[in-house]
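Structure record follows, encoded as structure tokens.
All values reported here derive from a predicted model rather than from experimental measurement. All residue numbers refer to positions in the sequence shown, counting from 1.
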Amino acid sequence: TDIALIRIPAQNLTDIKLGNSDQLRVGDFVVAIGNPFGFSQTVTSGIVSAVGRSGIRGLGYQNFIQTDASINPGNSGGALVNLAGQLVGINTASFNPQGSMAGNIGLGLAIPSNLARDVVEQLITKGVVVRGTLGVETQNLSPQIAQGLGLAEARGALVTRVLAGSAAAAAGLRAGDVVTAINGQRVDNAQALHNFEGLQPVGRVVELDVRRDGKPLQLKATLKEQPRAVTGDTLDPRLSGATFVDLPESARQSGLNGVLVSEVARGSRAAQSGLAGGDIVLAASSGEFVDLASWRASFSPRPPQLVLSIVRGNTQGQLVMR
């Protein structure tokens, strides 16, 4: 979400009023303020080209306002305001197939003010951003799978596993369900569902539009907290001394799935087997997993032999945990 909270001791400042970015509509006029290419206090104008824009490679969790107001390098962090002078977005990126330094081609992106407000409130009250999760594993639909499930089109996120004790389990979601929308927002694929989850706070109630056995169904789920780290001893004694966290979004954008070993205590059982901080665990004999939540679930029951497939730097190999 690319938002930082900074305290600046200063006097006689005039604050900008925050607008409600959820009220933005395509075609609304907006003004972008920033310092493009070092030209200070530049103002450009345009319209809202799209809202809820996502699917842009390399930008992590996404829910952008797209505008054709010129946004160039140096605009990032600048204000996107409506004609009432209210902050409706924070300029964050421009899209150009030839690279950002090639300049604006009418595809500018801004973080919605409501999302920025949520991030800031969490930073003030908790010191960190805590993300909500449904607790499901999903995959994209192929035309063959869609046809087999009685769907007219291959659109949505197919639930392949519901984690025990998760928000999805409490809501009654099942493996084989297809999530087609969440809170009225269309879900085209598994990544869209993951993206939506990652931008929601813990405790938010979401309404899921689901197709089950070809029939429409609506479910309500209360999102639970994504664990930020898991210690190896809670998973398997052979992992004692290791701490696991989710992969950074940049690694996921490069196509990796798995978990990151954040640290390994010196002399621990995990260290004696060769596991080291910075390793990325791609696969294991415990079962299939794609992130921290499913990594935890894969250890029920614990495997007789524990073999990890890891990436260390540019080298991939296997470790037998003893």
Side-chain angles (χ1 to χ4, degrees), residues 1-6 14-120 129 155 180-189 191-200 249-250 252-254:
T1 45
D2 200 21
I3 296 290
L5 176 64
I6 304 173
T14 302
D15 65 313
I16 188 169
K17 303 303 179 186
L18 265 66
N20 183 355
S21 56
D22 288 345
Q23 294 180 349
L24 280 178
R25 298 291 179 265
V26 173
D28 285 353
F29 286 97
V30 286
V31 173
I33 302 170
N35 304 307
F37 299 109
F39 290 96
S40 62
Q41 296 302 308
T42 297
V43 177
T44 56
S45 67
I47 63 169
V48 173
S49 305
V51 293
R53 178 66 73 204
S54 62
I56 300 161
R57 187 172 177 83
L59 290 181
Y61 291 114
Q62 300 173 23
N63 175 25
F64 294 117
I65 301 164
Q66 181 186 325
T67 177
D68 67 349
S70 290
I71 293 178
N72 285 295
N75 273 109
S76 294
L80 187 74
V81 302
N82 60 19
L83 294 190
Q86 299 171 326
L87 181 77
V88 292
I90 299 174
N91 305 325
T92 189
S94 60
F95 179 80
N96 190 318
Q98 299 177 6
S100 63
M101 293 306 293
N104 174 269
I105 57 170
L107 288 171
L109 302 168
I111 297 167
S113 58
N114 287 5
L115 178 55
R117 182 191 286 113
D118 287 346
V119 170
V120 167
V129 175
R155 183 183 72 79
T180 58
I182 185 165
N183 278 6
Q185 182 174 317
R186 189 178 147 120
V187 172
D188 287 331
N189 49 43
Q191 178 59 34
L193 182 62
H194 170 70
N195 182 68
F196 182 93
E197 285 181 273
L199 295 174
Q200 308 305 312
E249 198 63 24
S250 57
R252 293 200 180 280
Q253 290 293 330
S254 68

Listed pairs under 3.5 Å, donor-acceptor, residues 32-47 side chains, sequence neighbours left out:
{"from": "Asn35", "atom 1": "OD1", "to": "Gln41", "atom 2": "N", "distance (Å)": "2.9"}
{"from": "Thr42", "atom 1": "OG1", "to": "Phe39", "atom 2": "O", "distance (Å)": "2.9"}
{"from": "Thr44", "atom 1": "OG1", "to": "Ser70", "atom 2": "O", "distance (Å)": "3.0"}

Show the numbers, then the answer: is there a side chain to side chain contact (heavy atoms under 4.5 Å, CB included) between Phe196 and Asn183?
CA-CA 10 Å; Phe196 182 93; Asn183 278 6; 4.0 Å; yes
Using modelled atom types only, decide if a donor and an acceptor are shared between the side chain of Ser76 and the backbone of Thr92 within a distance under 3.5 Å.
yes
Nearest heavy-atom neighbours spanning Ala110 and Leu80
CB-CD2, 3.8 Å
Reported CG-to-CG distance for the pair Asn82 and Leu24, which is rounded to 0.5 angstrom
7.0 Å
Looking only at side-chain N and O atoms, does Asn114 offer a donor or acceptor that is under 3.5 Å from a partner on Asn20?
yes
Kindly give the heavy-atom pair with the smallest separation between Ile65 and Val88, and that separation in Å.
CD1-O, 3.3 Å
Shortest non-hydrogen contact from Arg117 to Gly19?
NH2-O, 3.6 Å
For the atom pair OG (Ser49) and CG (Leu107), what is the distance rounded to the nearest 0.5 Å?
7.5 Å
Minimal heavy-atom distance between Thr180 and Arg155, with the atoms involved, is O-NH1, 3.1 Å
Minimum heavy-atom separation for Asp15 to Lys17, with atom names?
OD2-NZ, 3.3 Å
Between Asn75 and Asn91 the two heavy atoms that sit nearest each other are O-CB, 3.5 Å
Working to the nearest 0.5 Å, report the span between CG of Leu87 and CD1 of Ile16.
4.5 Å
Side-chain (Asp28) to main-chain (Arg25) donor-acceptor, under 3.5 angstrom
yes
Within this structure, what is the CG-CZ distance for the pair Leu115 and Phe64, rounded to the nearest 0.5 Å?
9.0 Å
